[in-house]
Protein chains: 2
Amino acid sequence: MRLLIAEDDKLHRSFLEGVARDTLPDLDDLTITSDGEDAIAAFNTSDYDSVVLDLQMPKVTGVEVAKSIWAKKPHTKILFWSNYTEEAYIRGITKIVPGAAVYGYILKSAPEEQLKLALQGVFIAEQCVIDREVRGVQQRAGDRLSGLSELEYEALIDLCLGLTDKAMAARRGVSLRGAQSRLQHLYQKLGLDKGDIPIGEWGPSFNSRTRAISLALTLGILNADALRREEENLKVWLSKAN
Amino acid sequence: MRLLIAEDDKLHRSFLEGVARDTLPDLDDLTITSDGEDAIAAFNTSDYDSVVLDLQMPKVTGVEVAKSIWAKKPHTKILFWSNYTEEAYIRGITKIVPGAAVYGYILKSAPEEQLKLALQGVFIAEQCVIDREVRGVQQRAGDRLSGLSELEYEALIDLCLGLTDKAMAARRGVSLRGAQSRLQHLYQKLGLDKGDIPIGEWGPSFNSRTRAISLALTLGILNADALRREEENLKVWLSKAN
DNA sequence: ATCGCTCTTGCGGGTTCCCGCAGTTTCTAT
DNA sequence: ATAGAAACTGCGGGAACCCGCAAGAGCGAT
């Protein structure tokens with residue numbers, strides 16, 4: 001068994017290394033990298049069947065590393081090991097996981113025992129091991145009731161990037177009214193219906209447009225990190241479209 | 001010397017404990033807590049002259065803990081130990097540090113050597129020890145040129161919470177035009193002047209109102225955590241004012 | 001085929017926002 | 001004391017946004 005680890009925090013890195021050595025008996029090779037680029041490079045120069053990825057890393061996210069890895073070898077087993085349950089990451093992962101791939105998702109705050117079980121479960125028993133909390137978010141995302149559809153999610157991103165309605169329409173290839181319609185649905189899902197916002201004597205307290213961003217952030221649908229990455233995508237589009 | 005530590009992450013906690021024991025020779029008492037409330041409780045039941053605080057903790061931030069501590073004993077030495085250089089935190093700290101207090105600010109990503117130096121510098125030599133990176137942010141915040149004034153910062157918070165102009169005006173006790181004027185200055189500082197935003201064939205790409213939020217987040221002036229706390233303040237005000 | 005669901009589009013109007021202009025107050029510095 | 005900077009205010013107009021209504025396209029299920 002050949003294992004590749006990518007994790008930027010020094011402490012967590014050495015902790016993880018220790019646990020992995022303890023838990024996995026037949027470890028032929030163990031390579032440890034501290035950012036996404038190195039991880040991809042390492043994967044391309046040698047053969048690994050198992051990978052542990054932190055999600056938040058400088059330059060290249062764990063999600064992107066996974067994408068690159070699975071594009072090359074879809075049967076690679078990947079365990080995601082992260083601090084947060086941000087819906088943005090989970091969405092990213094479920095979008096790129098190949099049909100029959102084995103993967104896991106566990107939180108750093110989980111006790112050591114759970115980490116050990118996850119390592120064995122994913123890499124030895126080849127099961128999918130997904131943390132309870134994460135599982136909750138995952139279901140909401142797939143569920144039409146409390147979660148956002150893919151289109152609404154796109155609208156949310158554009159909104160959070162600060163685009164105008166017109167720009168959204170242009171970017172997504174729909175009419176102005178189309179973009180506004182998506183926003184409207186988004187507002188509804190987030191509970192910004194007319195009745196729901198408190199009204200003081202000075203009038204309605206919230207501006208739907210900005211309040212939507214606020215909610216997305218506090219509810220953990222998006223985070224600053226994901227935003228910075230979307231900003232990159234936007235730049236690409238802007239330069240291509242101008 | 002009596003030391004109190006507050007840090008929620010298990011690994012960092014034990015790492016910090018180890019380093020502290022190694023580095024500080026005459027440690028009469030060492031208490032370790034894993035969230036802000038416990039830290040305040042511990043401080044109130046016993047006497048500590050030195051404290052190490054993580055900034056991001058559940059329920060009560062390190063900043064709030066420091067505030068409570070300094071309110072009781074302004075000469076307590078505090079070392080802040082954090083992941084990020086968010087301007088929101090730094091602003092919070094510089095606002096509450098008593099005139100002659102000794103304190104330090106160091107990043108978790110710094111090498112162990114620096115942490116040792118900071119511990120000794122703050123607790124033994126009674127110097128203020130502030131990380132280079134943090135110092136940069138601090139200066140920008142105090143500087144009128146690239147930083148935001150207190151008023152503009154307030155406006156930014158209200159904006160990020162999703163308030164309308166009218167609500168901001170009511171909350172801050174100024175006229176509608178006054179609130180809008182603050183926003184206007186904010187936009188200017190963030191580089192949202194008319195000339196600065198790219199214009200595609202479909203018109204201006206950015207909506208100043210939402211773009212300001214986007215910039216605040218990606219530049220690290222605010223984060224989701226700070227936002228959630230401001231949300232609490234807002235709720236208090238809403239119930240008091242309606 | 002027909003119903004139902006989602007997504008889209010045009011139109012119209014009411015609201016909010018953005019901001020230039022101009023006048024006033026307050027505070028600081030020389 | 002006087003000049004200058006920073007903040008607040010009212011007014012007014014142009015732009016952007018929010019959204020109800022109605023009609024149509026596409027798709028899967030009965």
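Residue numbers begin at 1 in each chain, while the letters A, B, ... track the order of the sequences.
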*Asks:* Below 4.0 angstrom, N of the basic side chain to O of the carboxylate: do B/Asp165 and B/Arg209 qualify?
*Replies:*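 Salt bridge: yes.
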*Asks:* Please tell me which of the listed nucleotides, D/dC18, C/dC17, D/dA7, lies nearest to the side chain of B/Ser149?
*Replies:*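 Out of D/dC18, C/dC17, D/dA7, the nucleotide with an atom closest to B/Ser149's side chain is D/dA7.
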*Asks:* Could you check how far CD of B/Gln180 sits from P of C/dG20, rounded to whole Å?
*Replies:*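 Rounded to the whole Å, the gap is 13 Å.
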*Asks:* Without swapping roles, check the side chain of A/Thr94 against the backbone of A/Ile90 for a donor-acceptor pair under 3.5 Å.
*Replies:*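 Yes; at least one donor-acceptor contact below 3.5 Å.
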*Asks:* Given side chain to side chain contact (heavy atoms under 4.5 Å, CB included), test A/Glu86 with A/Asp225 step by step and report yes or no.
*Replies:* CA-CA 10 Å; A/Glu86 298 285 344; A/Asp225 216 54; over 6 Å; no
*Asks:* With a 4.0 Å cut-off on heavy atoms, is A/Leu176 in touch with a base, just the backbone sugar-phosphate, or nothing at all?
*Replies:*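 No contact.
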*Asks:* Closer than 4.0 Å, any side-chain N/O of A/Arg177 to the OP1 or OP2 of C/dG10?
*Replies:*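 Looking at the OP1 and OP2 atoms of C/dG10, neither is under 4.0 Å from any side-chain N or O of A/Arg177.
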*Asks:* Identify which nucleotide among C/dC19, D/dC8, D/dC18 has an atom closest to any side-chain atom of B/Gln184, counting heavy atoms from C-beta outward.
*Replies:*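 Side chain of B/Gln184 sits closest to C/dC19.
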*Asks:* Rounded to whole Å, how long is the line connecting atom NZ of B/Lys166 with atom C1' of C/dC18?
*Replies:*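 Value for this atom pair: 15 Å.
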*Asks:* What nucleotide, of C/dT8, D/dT9, C/dC17, holds the atom closest to the side chain of B/Val174?
*Replies:*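 Looking only at side-chain atoms, B/Val174 lies closest to D/dT9.
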*Asks:* Between C/dT9 atom P and A/Leu151 atom CG, what is the distance in whole Å?
*Replies:*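 Computing the A/Leu151:CG to C/dT9:P distance gives 11 Å.
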*Asks:* Below 4.5 Å, heavy atoms only, C-beta onward: do A/Thr85 and A/Leu107 meet side chain to side chain?
*Replies:*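 The answer is yes, as the side chains (C-beta and beyond) meet within the 4.5 Å cut-off.
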*Asks:* Any side-chain N or O of B/Arg182 less than 4.0 Å from the OP1 or OP2 oxygen of D/dC8?
*Replies:*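 Yes, because at least one side-chain N or O of B/Arg182 sits under 4.0 Å from OP1 or OP2 of D/dC8.
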*Asks:* Would you indicate which nucleotide in D/dG10, D/dC8, C/dC17 comes nearest to any side-chain atom of A/Asn207?
*Replies:*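 The listed nucleotide nearest to A/Asn207's side chain is C/dC17.
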*Asks:* Is the backbone of A/Phe123 close enough, under 3.5 Å, to the side chain of A/Lys77 for a donor and an acceptor to pair up by distance?
*Replies:*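 Here the side-chain-to-backbone pair exists.
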*Asks:* Over how many whole Å does the gap from A/Gln188 atom CD to D/dG20 atom C1' extend?
*Replies:*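 So the CD-C1' distance, A/Gln188 to D/dG20, works out to 12 Å.
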*Asks:* How many whole angstroms separate atom CG of A/Leu183 from atom C1' of C/dC7?
*Replies:*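 Answer to the nearest Å: 14 Å.
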*Asks:* Figure out the CD/C1' separation between B/Glu150 and D/dA7, and round it to whole Å.
*Replies:*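 Value for this atom pair: 15 Å.
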*Asks:* To the nearest Å, give me how far apart NZ (B/Lys189) and C1' (D/dA6) are.
*Replies:*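 Atom-to-atom, B/Lys189 to D/dA6, this comes out as 10 Å.
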*Asks:* Salt-bridged, B/Glu231 to A/Arg211, with N to O below 4.0 Å?
*Replies:*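 Salt bridge: yes.
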*Asks:* Across the strands shown, which category fits A/Ser181 at heavy-atom distances under 4.0 angstrom: base, sugar-phosphate, nothing?
*Replies:*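 It contacts base atoms.
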*Asks:* Taking the minimum atom-to-atom distance to the side chain of B/Asp165, which one of D/dC19, D/dC8, C/dC18 wins?
*Replies:*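 So the side chain of B/Asp165 is nearest to C/dC18.
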*Asks:* Roughly how bent is the helix from C/dA1-D/dT30 to C/dT30-D/dA1 end to end, in steps of 10 degrees, with each end axis from five pairs?
*Replies:*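 Result, rounded to 10 degrees: 40°.
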*Asks:* Quick one: does B/Thr164's side chain get under 4.5 Å of A/Asn207's, heavy atoms only?
*Replies:*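 They are in side-chain contact.
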*Asks:* Which residues pass the salt bridge (Lys or Arg N to Asp or Glu O under 4.0 Å) test with A/Asp158, not counting sequence neighbours?
*Replies:*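 Applying salt bridge (Lys or Arg N to Asp or Glu O under 4.0 Å) to A/Asp158 gives A/Arg171, A/Arg172.
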*Asks:* Where the side chain of A/Arg209 is concerned, which of D/dC17, C/dT8, C/dC18 is the nearest nucleotide?
*Replies:*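 Comparing D/dC17, C/dT8, C/dC18 against the side chain of A/Arg209, the answer is D/dC17.
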*Asks:* Report the distance from atom CG of B/Leu186 to atom C1' of D/dA7, rounded to the nearest whole Å.
*Replies:*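 It works out to 15 Å between those atoms.
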